[in-house]
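Below is one structure; the comments refer to it alone.
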Amino acid sequence: MKEYKYKINGTVYKVGVGDIENGFAEVEVNGTPYKVELDKPAAAPVIKSVKPAAAPRTATGEKVIAKPAPKTNGSGTPVKAPLPGTVLEVNVTVGQSVKAADQVMVLEAMKMENSIRAGVDGVVKSIEVNKGDTVLEGGTLLVIG
């Protein structure tokens, strides 16, 4: 017998549901047994076992992980997104000199603004994203050379 607790208008009811046969169910409410007639005979529940689809793999068997490829053409240090989010501000321009502690972008992730710092001293060689773009974790935001 399966047991359930129901609270109706502040009163707690302990309900047990037993066998269901020929349109009748054996029910016990707070210790009092009842034989309940059902409108339609209850059908046995159908439980489907669904196997999840396998994750895609490369020809060598490695998992496929979608990350944007860096768009750099030449040497430089990429500044990568520390977590997935949306670019709120781009605070630098191509050709601008930056220090390691300079804020180069603001990234919104999980409703929080995250300050993205340059990380190295240098000159901004390229900016790979625009304001409003959505980026994945590890995606290149800009390149400093």
Practice task
Look at the side-chain heavy atoms of Ile, Leu, Val, Met, Phe, Trp and Tyr, link any pair under 4.5 Å apart, and say whether Leu141 and Val94 land in one connected group.
Solution key: yes
Practice task
Report yes or no: does Asn30 contribute a side-chain atom to a donor-acceptor pair with the main-chain N or O of Lys14 at less than 3.5 Å?
Solution key: yes
Exercise for the section: With rounding to the nearest 0.5 Å, note down the distance linking CD1 in Ile116 to CG in Leu83. Expected result: 7.0 Å
Problem - Pairwise distance CD(Glu37) to CG(Asn22) - rounded to 0.5 angstrom - result: 11.0 Å
Practice task
Assess whether side chain to side chain contact (heavy atoms under 4.5 Å, CB included) is satisfied between Val15 and Val27, documenting all intermediate values.
Solution key: CA-CA 7 Å; Val15 179; Val27 178; 3.9 Å; yes
Exercise for the section: Report yes or no: do Leu88 and Met112 belong to one cluster of Ile/Leu/Val/Met/Phe/Trp/Tyr joined by side chain heavy-atom distances under 4.5 Å? Expected result: no
Practice task
Over all heavy atoms of both residues, which pair between Met105 and Val87 is shortest? Give the atoms and the distance, please.
Solution key: SD-CG1, 4.4 Å
Handout entry: In one Ile/Leu/Val/Met/Phe/Trp/Tyr side-chain cluster, 4.5 Å: Tyr6, Val29
Key = yes
Practice task
Taking the side chain as every heavy atom from C-beta outward, state whether Ile144 and Leu142 have any pair of such atoms under 4.5 Å apart.
Solution key: yes
Practice task
Considering non-hydrogen atoms only, spot the tightest contact between Ser97 and Val123 and give its length.
Solution key: OG-CG2, 3.9 Å
Exercise for the section: Starting at NZ of Lys80, measure out to OG1 of Thr77 and round the result to the nearest 0.5 Å. Expected result: 11.0 Å
Completion exercise
Closest non-hydrogen atoms of Leu107 and Ala81, given as atom of the first, atom of the second and distance, are CD2-CB, 4.3 Å
Exercise for the section: Taking the side chain as every heavy atom from C-beta outward, state whether Val79 and Val143 have any pair of such atoms under 4.5 Å apart. Expected result: no
Handout entry: Non-hydrogen side-chain atoms of Ser126 and Thr140 separated by less than 4.5 Å
Key = no
Problem - Non-hydrogen atoms of Lys125 and Gly76 that approach each other most closely - result: CD-CA, 4.5 Å
Practice task
Please check if Val36 and Ile20 belong to a single hydrophobic cluster, counting links between Ile, Leu, Val, Met, Phe, Trp and Tyr side chain heavy atoms closer than 4.5 Å.
Solution key: no
Exercise for the section: Provide the closest heavy-atom pair for Ala109 versus Pro84 in the form atom of the first, atom of the second, distance. Expected result: CB-O, 3.3 Å
Problem - 4.5 Å side-chain heavy-atom contact, Glu128 and Val135 - result: no
Handout entry: Which residues share a side chain to side chain contact (heavy atoms under 4.5 Å, CB included) with Thr134, sequence neighbours left out
Key = Thr86
Problem - Minimum-distance pair of heavy atoms, taken over all atoms of Val106 and Gln103 - result: CG2-NE2, 2.8 Å
Completion exercise
Interatomic distance, NZ@Lys5 vs OH@Tyr13, rounded to 0.5 Å, equals 15.0 Å
